[in-house]
Amino acid sequence: MKRIDLHYVAMLRESAGKATESISTSSPDVATLFEEIAGRHAWPWPRHAFRPAVNDRVVDWQHPVEHGDRVLFLPPSSGG
Amino acid sequence: MLTLTNQPIDIERLRRECQLHTAGALVTFEGVVRSFSKGKNVVRLEYEATLALAHAEFDLIVQEVARHQPLLWVRCEHRTGMVLPGETAIWLAVATGHRAEGFEACRLLMDLIKSRLPVWKKEYYEDGESDWINGP
């Protein structure tokens, strides 16, 4: 099991009811991790609507999850 | 350079930062909060951003545009927190040698900022409802 920090933003933060949490996971990659977390919080949104970011860098969904990672799932941007 | 601020954007201060004497064009874009959206009256917005990731993504966006347009200088400031209708939400300036490449670079940068910069906007309406814009 790996220990990671999850940071929630926007509608994910509201749905999770918290901005951060530290969890243990065996998910090998961020795609699997998203499904694990989405199931835990009963998120209705499809994974493809988001982009994963690990340690302040946008990555692809096959990116491995490592012990100590800081992971975010980025909703569609709406800045500007 | 990108800055994120929860204070009103001071355009005159930002404009003074550009002291280039090699630029023939300074193209700017100012995004302003509308008082209506989806047929409703908007009373305020809340912008949320991830600081480190926003800076990293902005740098990548500028590098991508610089591969197509000869950028001399880029400056952007984006609001966070509560913003009211009529207030400036984003200010972007692009300095280039000539106006055609300046217009194109500004358009490209804004398109990429809107689609990729990790900033999220929630609209609050007069009827008490609220909505994340571009939500999944």
Side-chain angles (χ1 to χ4, degrees), chain A residues 4-23 29-61 63-66 68-80, chain B residues 2-5 9 29-34 37-38 42 45-61 64 76-81 83 88-92 106-124 130-136:
Chain A
I4 64 163
D5 290 325
L6 286 166
H7 291 250
Y8 300 116
V9 296
M11 67 285 294
L12 300 187
R13 174 177 44 74
E14 290 182 346
S15 174
K18 61 186 87 171
T20 62
E21 71 177 330
S22 185
I23 67 159
D29 53 44
V30 285
T32 312
L33 179 66
F34 180 91
E35 301 302 339
E36 177 189 339
I37 305 303
R40 183 180 300 182
H41 294 296
W43 288 342
W45 307 293
R47 173 167 62 86
H48 65 74
F50 298 84
R51 292 181 297 159
V54 176
N55 302 330
D56 296 324
R57 190 167 60 90
V58 176
V59 297
D60 61 39
W61 285 107
H63 190 88
V65 174
E66 306 284 358
D69 276 349
R70 166 189 153 95
V71 180
L72 289 87
F73 300 114
L74 307 176
S77 297
S78 54
Chain B
L2 168 72
T3 46
L4 299 165
T5 179
I9 293 177
F29 172 80
E30 182 180 353
V32 179
V33 177
R34 277 193 310 267
S37 176
K38 301 177 181 176
V42 174
L45 301 183
E46 293 274 354
Y47 279 107
E48 179 176 336
T50 54
L51 191 63
L53 199 51
H55 283 102
E57 194 69 3
F58 183 80
D59 289 345
L60 287 175
I61 288 169
E64 286 181 30
C76 182
E77 188 157 288
H78 200 300
R79 282 292 302 270
T80 57
V83 189
T88 301
I90 184 172
W91 188 83
L92 172 68
C106 190
R107 186 190 66 77
L108 274 172
L109 282 163
M110 269 313 301
D111 285 351
L112 292 173
I113 286 169
K114 287 188 81 71
S115 64
R116 284 176 38 189
L117 198 71
V119 176
W120 302 279
K121 171 170 61 181
K122 191 173 190 180
E123 289 181 342
Y124 290 81
S130 60
D131 196 18
W132 288 101
I133 303 305
N134 290 350

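Proteins get letters first, then strands, A, B, ... in listed order; numbering begins at 1 in each. Everything numeric here is computed off the predicted structure, so don't read it as measured data.
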**OP:** Side chain from CB out, backbone as N, CA, C, O: work out which of these in B:K114 comes under 4.5 Å of a heavy atom of chain A, or both, or neither.
**Re:** both
Original post:
Among B:R116, B:H78, B:H55, which has the most heavy-atom pairs under 4.5 Å with chain A?
Top reply: B:R116
Subject >> Check against side chain to side chain donor-acceptor pair (under 3.5 Å), A:S78 and B:W132 >> reply: CA-CA 8 Å; A:S78 54; B:W132 288 101; over 6 Å; no
Original post:
Do A:D29 side-chain atoms and A:A31 backbone N/O form a donor-acceptor pair below 3.5 Å?
Top reply: yes
Subject >> Largest heavy-atom contact set with chain A, pairs under 4.5 Å, which of B:G31, B:S115, B:A56 >> reply: B:S115
Original post:
Picking from A:P46, A:S77, A:P75, A:G80, which has the most non-hydrogen pairs under 4.5 angstrom with chain B?
Top reply: A:S77
Subject >> Atom pair NZ (B:K121) and CD1 (B:I133), whose distance is rounded to the nearest 0.5 Å >> reply: 6.0 Å
**OP:** Using a strict cut-off of less than 4.0 Å between a Lys/Arg side-chain nitrogen and an Asp/Glu carboxylate oxygen, indicate whether B:E48 and A:R13 qualify as a salt bridge.
**Re:** yes
Original post:
With the threshold set at 4.0 Å, does a side-chain nitrogen-carboxylate oxygen contact exist between A:E35 and A:R47?
Top reply: yes
Subject >> Which atoms of B:I90 approach chain A - backbone, side chain, both or neither, heavy atom under 4.5 Å >> reply: side chain
**OP:** Tell me, for A:R57 versus chain B, whether the close heavy atoms (under 4.5 Å) come from the side chain, the backbone, both or neither.
**Re:** backbone
Original post:
When only pairs under 4.5 Å are counted, which of A:G79, A:P44, A:A49 shares the most heavy-atom pairs with chain B?
Top reply: A:G79
**OP:** Give a yes or no on whether the ring-centroid distance for A:F50 and A:F73 is below 6.0 angstrom.
**Re:** no
